[in-house]
Structure formats: C-alpha cells, structure tokens
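The next block holds one structure in the form of structure tokens; read it before the comments.
Lettering of chains follows the sequences in order, A, B, ..., and the numbering in each one begins at 1.
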Amino acid sequence: MVLDFVFVGGWMYKTHTCGELNIEHVGQEVSLAGWVDRVRDLGGVSFIDLRDRFGIVQVVSNPETSQEVHQDLAPVRNEWVIQVIGTVRKRPEGMTNTDLSTGEIEVEISRIEVLNPSVTPPFQINQEEDVEEQTRLKYRYLDLRRPRMRNNIILRHKIVAFIRRYLDQKDFLEIETPILFKTTPEGARDYIVPSRVHPGQFYALPQSPQQLKQMLMVAGMERYFQIARCFRDEDQRGDRQPEFTQLDIEMSFVERDDVMALLEDLYTGLVAEVRADKRVFEAPWPRLTYQEALDRFGKDNPDIRFGFELKDISDLAPESGFRVFADTIEKGGLVKGINAKGIGDYSRKQIDELTEYVKQFGAGGLAYLALTSEGEERSSFAKFLSSEVKEELIKRLDGTPGDLLLFVADAPEVVYESLGRLREELRDRLELVDKGVLGFCWVIDFPLVNWNADEKRWDPSHHLFTSPMFEDIDMLEEDPSKVRGQQYDLVLNGYEIAGGSIRIHNADLQEKIFGLIGLDMDVARERFGHMLRAFSYGTPPHGGIASGIDRLCMLLADEPNIREVIAFPKNQSARDLMGNAPSSVEPGQLEELHIKVDLE
RNA sequence: GGGGGCGUGGUGUAGCGGUUAACAUGCGGCCCUGUCAAGGCCGAGAUCGCCGGUUCGAAUCCGGUCGUCCCCGCCA
C-alpha cells in the first residue's frame with residue numbers, strides 16, 4: 001500500500017481532509033483522520049460520518065469485504081478520534097446525499113485505527129440543540145466542535161486575517177505593546193498585577209494601548225496597527241467582557257477624514273469578503289453629528305435601519321393645556337415623541353408594558369395617543385389638549401390611523417435615553433429590521449468635554465488626548481461646553497464598534513486640557529509626564545481609531561452576544577467556567593509578592 | 001450595589017398542592033446489508049440546585065441561599 005503523504009507541513013495521519021473529497025478522487029486510496037460524528041450500524045453494512053474541521057465524509061465497512069475491519073469498527077462511538085484508510089468510490093445510484101459536499105462519494109474502509117476513544121459527551125456535538133450556557137462554557141472544547149462555534153471562530157479568523165492583509169498593503173506596521181504597563185486612574189477600573197521585584201508596586205493591564213500608540217507616532221512609525229487585547233475590570237454585559245480585543249490604529253500626518261476614510265474602506269471590503277450576502281444599508285456611510293444623532297434617535301450610537309425617529313414638540317408644550325408637558329418646559333426640559341407605526345391598536349396592558357420599560361431609564365411616564373385602525377383615538381392626555389394642538393401633534397409625528405404616538409416629557413438626558421431605548425425595544429418587539437442589513441454610520445462633532453455635576457468638573461467625552469476642533473479652541477476658556485472634539489465614532493446596528501480622534505500633539509495644548517479637566521499639573525506630570533516630555537521632541541500631527549473586534553464579529557456572525565465569538569469567554573461574573581479562574585494562590589506566592597489578603 | 005428571569009434523568013423540555021414525576025434525545029443490550037437526524041424491540045438513568053417554613057401532604061406555595069442569564073449603576 002502506497003499512500004501519498006508527501007506535502008510538506010501536512011499531517012502524517014491524513015492524505016486528505018474530510019471535506020475535500022469528491023467525485024474526482026474516485027479510485028484513490030486515502031487516509032483520513034477525525035472525529036466520529038455519527039454511526040449508522042445496519043447490522044451488516046455500517047456507516048460512519050467522519051468529521052474534521054473541513055467537513056464530513058461517509059466511510060463504510062461491509063463484513064463481506066472484510067470481517068476484520070467490521071470487528072474493529074463495532075465498538076466505535078460518537079466523538080472517538082479515528083484514522084481510516086480506504087478507497088474512495090462513487091456511491092451507488094440514488095444514494096447521493098446532496099446535503100454533503102462529499103455526498104457523491106464514500107470511502108470504503110480497509111483499515112481503521114482508534115487514535116483515542118471518548119466517553120459520552122455531556123451534550124450532543126452533532127445536533128444544534130440549545131444547551132445551557134453554563135454547560136457549554138464548562139465544556140467549551142466540546143462546544144467549539146459544534147458547527148455554530150466552529151463557524152464563528154472561522155469567521156473571526158477571516159476577519160482578522162483580512163484586516164492584517166489590508167493594513168499591510170496600506171503600509172501599516174503591526175507593533176506589539178506591553179501588557180504590563182501603568183495604571184490609568186481616570187478610565188475604567190484597572191486590572192493590576194503585583195511586582196515581585198518592587199514590593200508594593202503594581203503594573204496595570206492596558207485598558208487600551210492609547211498612550212503607547214501615540215508614543216509610536218512620536219517614534220516616527222507613522223502608521224501603526226495592532227490586534228490588541230484590552231482589559232477593563234467593570235461589570236459584564238452581553239457586549240462587554242473583562243478582556244476584549246480591539247483593532248487599534250494610529251496614523252501620523254492625517255486629519256479626521258483620512259482616518260474615517262481608511263476604516264470605511266477597510267470594513268466595506270471586509271464585509272464584501274466575509275459576508276457578501278449582507279446588504280449595507282447606506283453607502284457611503286451617513287455621518288451624523290452628535291446633536292443630530294441625539295435629536296433623531298435619542299442616542300449617540302443609533303440604529304439607523306428603521307424609522308420611528310424622535311420628533312420634538314417642546315414648542316407646543318407650554319400652551320398645550322397639559323400640565324406635565326408645560327411644567328417640563330418650564331423646568332428646562334424637553335418633550336419629544338415617536339410614532340410607533342402600526343401598533344395603534346395596542347391594548348392598555350401592552351402600552352403599560354412600554355411605560356414600565358421607559359421608567360427603567362428615569363422617565364416619569366409615557367404619554368400616549370393611539371390612533372386606532374377604526375379611526376378612533378385613545379389617549380392618556382389628549383383630553384387636556386385643544387383640538388388645534390392635538391392636530392398639530394398628530395401632524396408633527398405624521399400620525400395616521402393605526403399608529404401609536406408615544407411621548408416623554410423630562411430632562412433632556414432622560415427624554416433621549418428613554419425614547420432612544422424605547423425605539424430599539426420596539427424594533428425588537430415588532431421585528432422592524434431585516435437581519436441581513438448592516439447599518440453603518442459615523443457620529444462626529446462630539447462635545448470635547450461634559451460637565452460632571454457630581455464632581456463639579458469637566459470630563460473628557462472621549463479621552464484626554466483628544467484634540468479640540470481648531471476653530472473652537474478660543475472657546476476653551478469662556479465656554480468649554482461649546483468646544484467640539486475632533487472625535488468620531490463608528491456605529492453598526494446600534495452598537496458602537498469604533499471610536500477615535502485626532503490627538504493633541506502639542507505639549508502646551510495638552511497642559512491646557514489637563515487644566516480644564518481639573519487635573520493638577522503636578523499630578524498630570526506624574527501620570528503623563530512621559531507624554532508631555534515626548535510631545536516636546538518633534539511630534540507629528542496624528543490620530544487614530546480603535547474598533548471592537550468582538551462586537552464586529554458578533555454582528556457579522558448574527559450572534560446575540562460577544563461570548564459566541566470568543567473561544568474561551570468569561571461569564572457574567574468574570575469567571576472562566578472551564579478553568580475555574582480566578583482562583584486562590586499558594587501562601588508562598590503571596591509572601592513573595594508582599595501581599596496580605598484581608599477577607600471580611 | 002440594585003431590579004428581573006431561569007434552575008426537574010447526561011442534554012432539552014412538560015408537570016405548578018395528592019402523578020408510579022411525563023416526553024424527546026442521548027446512553028446500554030438485542031435484531032437488522034444502503035443508511036445519512038437510519039429503523040424496530042428491550043433496559044438503565046431524577047432524593048425536581050441547596051437550606052428552612054407553610055400544609056395531613058411540596059417539584060409545585062412562602063422565605064433564604066447558591067449558581068446562571070438579562071437589565072440599571074459602572075464601562076476615560
């Protein structure tokens with residue numbers, strides 16, 4: 001028996017993968033290795049679906065051909081790892097399986113080798129049944145064998161591979177930055193790592209390589225990128241993990257539009273390559289100002305794929321006759337509404353559910369005006385309105401029979417938040433969007449700083465290295481709230497998937513910003529002295545962007561949370577259920593680090 | 001830190017005050033020579049997450065606790 005195992009870097013156990021065999025290979029002797037996906041023992045003839053990463057192929061044994069093979073095969077069960085040597089042959093007439101790429105052929109076994117048996121797995125690998133996530137995470141190595149996870153991991157690889165290829169072609173250098181670096185107290189909570197050689201001192205894991213990539217611009221690298229792991233010790237959500245991956249990009253001698261154009265081109269090409277079946281909602285991607293995003297969608301990461309936009313009716317409120325509306329305006333608030341098209345016949349109970357929903361976000365209530373499909377009106381507040389005001393309201397919101405008009409009157413933040421969230425809640429309830437559509441948009445012209453009422457100071461809305469718009473710089477002193485930052489966010493289907501800015505590259509301006517946000521110069525020098533020093537040595541104008549790879553993969557894989565696109569994610573309480581991390585350590589390890597644990 | 005949902009054979013579910021705790025699938029055995037979610041027959045497998053309470057009686061009601069998921073806070 002002579003088998004062709006010649007290709008360099010191949011696998012000694014295989015001449016072919018399970019997925020690649022087809023009618024062309026008929027007559028060839030092959031060696032395959034993989035997992036038993038399923039056994040069909042018909043008493044005489046036996047079939048095994050043999051699976052590897054590349055596909056499934058049916059292998060057959062017949063006692064008339066070889067009694068010995070048939071005996072070797074008898075004990076084999078699902079998920080055993082076996083090697084099969086045999087001959088590819090065309091399946092008999094009418095026995096083709098059109099669901100399988102290898103369905104025209106099968107492999108007649110001449111030898112079978114058990115490489116490793118398997119105990120019965122805790123859940124079925126060969127079936128797409130829902131299994132509790134806890135179990136999936138505990139046995140993640142088995143979960144990853146299933147098609148859903150395998151496809152997600154493959155998609156993620158393709159995404160990252162495309163990004164690397166693209167950026168390499170555009171003259172970017174991939175540069176690694178330290179995982180052990182310095183704490184950044186003004187961001188999220190840091191993960192910290194004790195230093196053994198410097199007792200009492202700690203490294204911090206990077207929340208992002210922000211400072212380091214700017215240093216690389218000072219260093220003259222001009223175009224940098226990294227698929228960077230980032231760490232933030234905050235509570236989890238479906239789209240947040242304690243460690244996550246971002247595509248980190250920084251460029252010298254660029255303006256805002258250069259960075260935005262690069263990312264738009266990159267992701268447009270990426271979608272065409274990895275999800276050609278998806279349709280982009282609007283191209284070139286629309287650009288919304290921060291204010292426009294809030295006014296129309298109630299959030300700075302809007303889902304632009306459907307209507308139900310927010311309409312302002314604040315001007316009608318004072319004279320409306322409805323006290324709640326009028327008082328809100330009196331107190332400096334806003335009144336806005338959305339037209340939930342097509343649910344004018346919602347029951348009182350259903351409307352109450354929506355009211356409960358917005359209350360989560362601080363709204364005092366939800367005023368409604370239902371225009372039933374029979375042309376009648378039901379309303380919580382219309383009785384207070386003159387018919388002129390009511391007509392104007394309906395006109396403003398483009399209300400027609402069958403619509404439900406919903407209003408929130410409150411402080412601006414509350415109005416935006418509650419209606420913005422309600423809009424997306426209605427999207428999900430009413431299935432308003434086609435899942436095959438990708439709604440990219442840019443949000444620009446963010447305020448550079450926001451007033452922090454609790455701490456009585458200005459906080460950067462992006463981060464403290466973001467450059468103000470040059471034309472706004474002279475307002476820094478008189479009215480910081482009016483200063484826009486050279487910042488841009490990329491939003492996809494209502495998720496922020498990238499954010500960046502043009503940076504400050506001048507030590508004077510950087511010191512001014514430190515002053516504005518109330519950072520004492522001594523403290524600033526201690527924390528960011530290395531940056532100020534670097535900026536005094538010839539720093540090019542520069543800017544960049546960071547994009548959440550996990551979220552991007554999640555959206556391109558049509559998954560509901562980022563755990564589904566991470567091989568070994570952590571659960572809600574930041575625990576790894578497979579390895580059971582975090583765990584306690586030996587007392588000796590703590591001693592070495594000069595650490596005493598004090599558990600209350 | 002707060003609010004909500006869910007914990008029933010290995011897996012997924014049903015049962016919601018008195019059942020022999022049901023069904024599907026998986027698992028084990030037997031039969032079966034063209035299956036591909038193979039089929040048929042038989043069988044094993046659950047003190048209903050844990051603790052306490054109410055009740056003549058609790059998987060079922062109540063309280064607590066643990067685990068897990070979703071949301072708020074948090075996430076420059």
Side-chain angles (χ1 to χ4, degrees), chain A residues 37-50 56-65 70 75 77-79 91-100 102-103 106 108 118-139 142-143 146 183-190 206-208 210-211 230-242 244 356-357 359-362 417-418 421 425 448-450 452 454 458-466 485 487 496 499 501 513 517 519 527-528 546 548 560-561 563 570-573 575 577:
Chain A
D37 196 61
R38 194 168 254 122
V39 181
R40 286 180 296 280
D41 178 1
L42 273 61
V45 67
S46 279
F47 302 94
I48 289 176
D49 287 341
L50 186 65
I56 287 180
V57 67
Q58 173 168 282
V59 300
V60 200
S61 114
N62 192 318
E64 281 176 10
T65 319
H70 211 65
R77 295 291 180 272
N78 286 357
E79 300 310 314
R91 292 195 186 188
E93 212 56 45
M95 300 298 162
T96 299
N97 182 348
T98 48
D99 293 337
L100 242 47
T102 58
E106 61 192 5
E108 184 176 23
S118 169
V119 296
T120 304
F123 49 83
Q124 282 169 261
I125 310 300
N126 56 18
Q127 220 177 63
E128 290 286 310
E129 67 177 348
D130 282 335
V131 176
E132 199 167 344
E133 197 172 0
Q134 200 172 348
T135 311
R136 292 174 55 204
L137 290 176
K138 180 173 176 189
Y139 298 96
L142 297 180
D143 191 31
R146 309 207 303 169
T183 182
T184 48
E186 40 285 301
R189 196 176 297 114
D190 284 318
Q207 296 180 24
S208 87
Q210 181 60 38
Q211 297 181 33
C230 305
F231 306 85
R232 295 179 190 175
D233 185 6
E234 298 293 350
D235 286 340
Q236 310 313 300
R237 288 289 185 282
D239 61 351
R240 273 168 26 195
Q241 281 272 303
F244 61 100
E356 284 311 305
Y357 185 76
K359 281 183 176 171
Q360 284 186 75
F361 310 106
E417 171 95 5
S418 52
R421 298 285 203 131
E425 171 71 11
L448 183 69
V449 288
N450 298 313
N452 181 334
D454 294 337
W458 295 98
D459 281 346
S461 70
H462 184 44
H463 57 56
L464 66 189
F465 310 113
T466 300
Q487 182 196 339
E496 181 191 328
S501 63
I513 299 295
I517 65 168
L519 208 56
R527 283 181 199 162
F528 304 110
N561 70 66
R563 294 186 300 275
K570 304 208 172 18
N571 75 359
Q572 181 91 356
S573 47
R575 190 170 278 288
L577 294 176

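Counting any heavy atom pair closer than 4.0 Å across all strands shown, A:Ser208 reaches a base atom. Backbone-only engagement by A:Gln134 is indicated by non-hydrogen atom pairs under 4.0 Å involving sugar-phosphate atoms exclusively. Heavy atoms of A:Asn571 sit under 4.0 angstrom from primed sugar atoms or phosphate atoms, though from no base atom. Within 4.0 Å (heavy atoms only), A:Gly94 reaches no atom of the nucleic acid at all. At the heavy-atom level, A:Pro92 lies under 4.0 Å from base atoms of the strands shown. A:Arg77 comes within contact range of the sugar-phosphate backbone alone, with a heavy-atom separation under 4.0 Å but no base atom that close. Base contact: A:Asn97 has a heavy atom under 4.0 Å from a base atom. Counting any heavy atom pair closer than 4.0 Å across all strands shown, A:Gln207 reaches no nucleic acid atom. As judged by a 4.0 angstrom heavy-atom cut-off over every strand, A:Glu106 is placed among the base-contacting residues. Across all strands, A:Gln360 comes closer than 4.0 Å only to sugar-phosphate atoms, never to a base (heavy-atom distances). Residue contacts for A:Leu577: at a heavy-atom cut-off of 4.0 Å it reaches the sugar-phosphate backbone alone, with no base atom in range. Within 4.0 Å (heavy atoms only), A:Arg421 reaches sugar-phosphate atoms of the nucleic acid but no base atom. When heavy atoms are screened at a 4.0 angstrom cut-off, A:Leu42 is found touching base atoms of the nucleic acid.
With A:Asn126 contributing its side chain and A:Asp37 its backbone, the two residues share a donor-acceptor pair below 3.5 Å. With hydrogens and angles ignored, the 3.5 Å screen pairs a side-chain donor or acceptor of A:Arg77 with a backbone N or O of A:Pro75. Side chain of A:Gln236 to backbone of A:Asn571: no donor-acceptor contact under 3.5 angstrom is found. Side-chain atoms of A:Arg232 come within 3.5 Å of backbone atoms of A:Gln207 as a donor-acceptor pair (strictly under, hydrogens ignored).
Counting to the nearest Å, the P atom of B:U13 and the CZ atom of A:Phe123 are 14 Å from each other. Rounded to whole Å, atom P of B:U68 lies 12 Å from atom CD of A:Gln236. We find that CG of A:Asp41 is positioned 12 Å from P of B:G34, with the value rounded to whole Å. One interatomic measurement links the two molecules: CD of A:Gln241 to P of B:C69, which rounds to 10 Å at whole-angstrom precision. In this structure, A:Leu50 atom CG and B:U35 atom C1' are separated by 16 Å, rounded to whole Å. Put simply, CG on A:Asp49 is 14 Å from P on B:U35, counting in whole angstrom units. We find that CD of A:Gln124 is positioned 14 Å from P of B:A24, with the value rounded to whole Å. For the pair A:Met95 CE and B:A38 P, the computed distance is 16 Å after rounding to whole Å.
Judged by atom type and distance alone, A:Arg240 reaches the base of B:C74 through a side-chain donor-acceptor pair under 3.5 Å. Judged by distance alone with a 3.5 Å cut-off, no donor-acceptor contact links the side chain of A:Arg232 to the base of B:C74.
Checked for salt-bridge contact, A:Glu133 and A:Arg563 meet the test: a charged N lies under 4.0 Å from a carboxylate O. A:Arg136 and A:Asp143 are joined by a salt bridge, as a carboxylate oxygen and a charged side-chain nitrogen come within less than 4.0 angstrom of each other.
Taking atom P on both nucleotides, B:A46 is separated from B:G15 by 22 Å, rounded to a whole Å. The gap from the P atom of B:U60 to that of B:A24 amounts to 26 Å, rounded to the nearest Å. For the P atoms, the distance from B:A38 to B:G26 is 8 Å, rounded to whole Å. The same atom, P, is picked in B:U55 and in B:U65; the two are 23 Å apart, to the nearest Å. One C1' atom belongs to B:G17, the other to B:G12, and the distance between them is 26 Å to the nearest Å. For the C1' atom pair drawn from B:G28 and B:G34, the interatomic distance equals 26 Å after rounding to whole Å. Comparing B:G67 with B:U8, their C1' atoms are spaced 16 Å from each other, to the whole Å. Nucleotides B:C42 and B:C32 are separated by 15 Å at their C1' atoms, to the nearest Å.
Residues A:Pro206 and A:Phe231 are in side-chain contact: their nearest non-hydrogen atoms beyond the backbone lie under 4.5 Å apart.
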Steps toward side-chain hydrogen bond (donor to acceptor under 3.5 Å, both in side chains) verdict (A:Glu108, A:Thr65): CA-CA 9 Å; A:Glu108 184 176 23; A:Thr65 319; 3.3 Å; yes
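Using the Watson-Crick or G-U wobble rule with both distances under 3.5 Å, B:A22 pairs with B:U13. Pairing for B:G34 is absent, judged as Watson-Crick or G-U wobble with the two contacts each under 3.5 Å. Across all strands shown, nothing is found opposite B:C75 as a Watson-Crick or G-U wobble partner with both distances under 3.5 Å. Nucleotide B:G45 is matched to nothing when pairs are restricted to Watson-Crick or G-U wobble geometry with both distances under 3.5 angstrom. The partner of B:C61 is B:G53, judged by Watson-Crick or G-U wobble contacts that both fall below 3.5 Å. Here B:U68 sits opposite B:G5 as a Watson-Crick or G-U wobble pair (both hydrogen-bonding atom distances under 3.5 Å).
Closest to the A:Glu132 side chain, of the nucleotides B:G12, B:C36, B:G34, is B:G12. Of the candidate nucleotides B:C69, B:A37, B:U11, B:U11 has the atom nearest to the side chain of A:Thr135. Which of B:C71, B:A37, B:A76 sits closest to the side chain of A:Gln127 comes down to B:A37.
Heavy-atom distances to RNA chain B give each of A:Val131 and A:Asp99 a nearest nucleotide, and the one nearer the 5′ end belongs to A:Val131. In terms of position on RNA chain B, the residue among A:Asn78 and A:Arg563 whose nearest nucleotide sits closer to the 5' end is A:Asn78.
Stacking here means ring centres nearer than 5.5 Å and ring planes tilted less than 30 degrees, and by that measure A:Phe47 stacks onto B:U35.
Taking 4.0 angstrom as the limit, A:Arg40 places none of its side-chain polar atoms (N or O) nearer than this to OP1 or OP2 of B:U35. OP1 and OP2 of B:U35 both lie 4.0 Å or more from every side-chain N or O belonging to A:Ser46.
Using bins of under 30°, 30° to 60° and over 60° for the plane-to-plane angle, the ring pair A:His463/A:Phe465 lands in the tilted bin.
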